[in-house]
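Quick note: residue numbers are just sequence positions, from 1.
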Amino acid sequence: MVETTERLWDYDAVEPGQAAGPTVVTITAEQIAEYADIAQNPDSRYRLGNGSEEYGGDPVPMPTMAVSYAPLLRPEIAENNGFVALEHSKTARRQTPFAKCEARWFRPALVGDTITGVGRVLDKYERRGSKFVTFRIEAENQRGEPVGQYDYTCIFEYAHGQRSVPSDEVTAILPRTEAPALKPAPSQPLTYDSVRVGDTLAELAITESQEIINRKSDFRLAGKPSESNIHNDEEFARRNIFGGTVNAGPATMSYVDQMLQLSFPLSAFYNGGSLLMRAITPFRSGDTVTFGGEITDKYREEGQGLVECRVRGINQRGDLVCLADAVMVFGE
């Protein structure tokens, strides 16, 4: 009888530069519409038969759809380097949850574009006893033009007794204890000249459900399906750090994306904009999170107008669920 031992892709086995083969996805209007539906975004621009006036009436994906058409495939990176991902282990299975993601966009992915995504380990580090791994995924179209990239950080090991993502940046933030009426979207998208530092942005309230969490988990344009994870498998999720199912970090990021779109044109993302979101408290089925923010800075750089924003997502209990920083870019 031959004994086999799993070569686990744990924190010690992870090395910067490890990568998997590229993914290739051709963008369709149906994919764009489905992603928006799962993101609970009712904007008609993403529905079949519609498009964005900013881009000649062509359908354009929500910016955060980049994590779907150029996905991070951790198990494939592990396998390509001779290891078994912790999520797929038969002897020590556990999740490596989302901590944060920073995305940058250079141009939209249009219907008919073929997007090639390449992912690799960018960095690994320890903070307050917890261990993190950051991956970089870069996407380009069939013409070799960069479409976007994002850095996705996972928690490979928690410090003893730690149940949430450590963050020096949130310790001084006081959660809102009341739920005032949501600030509505402006009648026209904001421009560089129309905003002022300190202005508040239109707000968005999202109620999560297990159905949406499951659909988000199942929405895959490349890579192998994940039949069981902390998002769709209650029994497995109870054995992991959050003690039950939670939504995926990119799902919350899509809600921040949608909230910013209430105030800004799509081009402010695709002109070179960026979004950094940190997960703070799990977003569970039945939770309602209100996303709101304000303008924190504006300045000109290389002929473009840049507007910086800070966004907070706060649940019905007053817990800070996420903290995000965005840079919206306006052309000349």
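- Between Phe264 and Phe330, the ring planes are tilted. Angles from 30° to 60° get that label.
- With a 4.5 Å cut-off on side-chain heavy atoms, Met277 and Thr252 count as touching.
- Within the structure, salt bridge (Lys or Arg N to Asp or Glu O under 4.0 Å) pairs that include any residue of residues 24-44 comprise Asp37-Arg215, Asp43-Arg45 (at least two apart or interchain).
- Listed for the Ser285 side chain is a donor-acceptor partner under 3.5 Å among the backbone atoms of Gln210.
- A donor-acceptor distance shorter than 3.5 angstrom exists from the side chain of Ser194 to the backbone of Thr191, with no hydrogens or angles considered.
- Relative ring orientation between Phe156 and Phe135 is described as tilted, the plane-to-plane angle lying within the 30° to 60° band.
- At least one donor-acceptor pair under 3.5 Å links the side chain of Gln316 to the backbone N or O of Thr288.
- With Tyr270 as the aromatic partner, Arg107 does not meet the cation-pi criteria of under 6.0 angstrom to the ring centre and within 45 degrees of the ring axis.
- Residue pairs meeting the side chain to side chain donor-acceptor pair (under 3.5 Å) criterion with at least one partner in residues 14-29, sequence neighbours excluded, are Trp9-Gln18, Thr26-Thr114.
- Of the possible donor and acceptor atoms, one in the side chain of Lys298 sits under 3.5 Å from a partner among the backbone N and O of Tyr192.
- The aromatic rings of Phe132 and Tyr125 lie parallel to each other, with less than 30° between the two planes, well short of the 60° mark.
- Open room surrounds CD on Glu53; 12 or fewer heavy atoms of other groups in view lie less than 6.0 Å from it.
- Between the side chains of Glu6 and Ser89, at least one donor N or O sits under 3.5 Å from an acceptor N or O.
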Chi angles and distances behind the side-chain hydrogen bond (donor to acceptor under 3.5 Å, both in side chains) call for Gln304, Asn271
CA-CA 9 Å; Gln304 293 182 308; Asn271 283 344; 5.7 Å; no
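- A distance-only check finds no donor-acceptor pair linking the side chain of Tyr158 to the backbone of Gly129 [under 3.5 Å].
- Taking the six-membered ring where tryptophan is involved, the planes of Phe291 and Tyr255 are tilted, since the angle between them lies from 30° to 60°.
- Judged by distance alone, with hydrogens and angles left aside, the side-chain atoms of Asn141 form a donor-acceptor pair with the main-chain N or O of Glu145 at under 3.5 Å.
- Val307 and Phe106 are not part of a single hydrophobic cluster, where members link through side-chain heavy atoms under 4.5 Å apart.
- Under a 3.5 Å cut-off, the side chain of Thr153 and the backbone N or O of Ala99 do not form any donor-acceptor pair.
- Between the side chains of Thr96 and Arg74, at least one donor N or O lies within less than 3.5 Å of an accepting N or O.
- Residue Val327 shares its hydrophobic cluster (ILVMFWY side chains chained together at separations under 4.5 Å) with Tyr299, Leu306, Val329.
- One hydrophobic cluster holds both Phe83 and Tyr11 under the rule that ILVMFWY side chains link at heavy-atom gaps under 4.5 Å.
- Salt bridge annotation for Glu294-Arg312: present, with a cationic side-chain nitrogen under 4.0 angstrom from a carboxylate oxygen.
- Under the 4.5 Å side-chain heavy-atom criterion for ILVMFWY residues, a single connected hydrophobic cluster contains both Phe219 and Val25.
- Distance alone, capped at 3.5 Å, places no donor-acceptor pair between the Arg310 side chain and the Ala326 backbone.
- By the rule that hydrophobic residues join a cluster once side-chain heavy atoms approach within less than 4.5 Å of another member, Ile212 and Phe98 end up as members of one cluster.
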Working for side-chain hydrogen bond (donor to acceptor under 3.5 Å, both in side chains), residues Thr64 and Ser254
CA-CA 6 Å; Thr64 48; Ser254 76; 5.0 Å; no
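- Shown here is Glu138, whose CD atom has more than 12 heavy atoms of other residues, nucleotides or ligands within 6.0 Å.
- A donor-acceptor pair is defined here as one N or O able to donate and one able to accept, closer than 3.5 Å; such a pair exists between the side chain of Glu203 and the backbone of Lys183.
- Checking side-chain atoms of Asn214 against main-chain N and O of Glu211 turns up no donor-acceptor pair under 3.5 Å.
- Residues Gln261 and Asp257 bring a donor and an acceptor atom of their side chains to less than 3.5 Å of each other.
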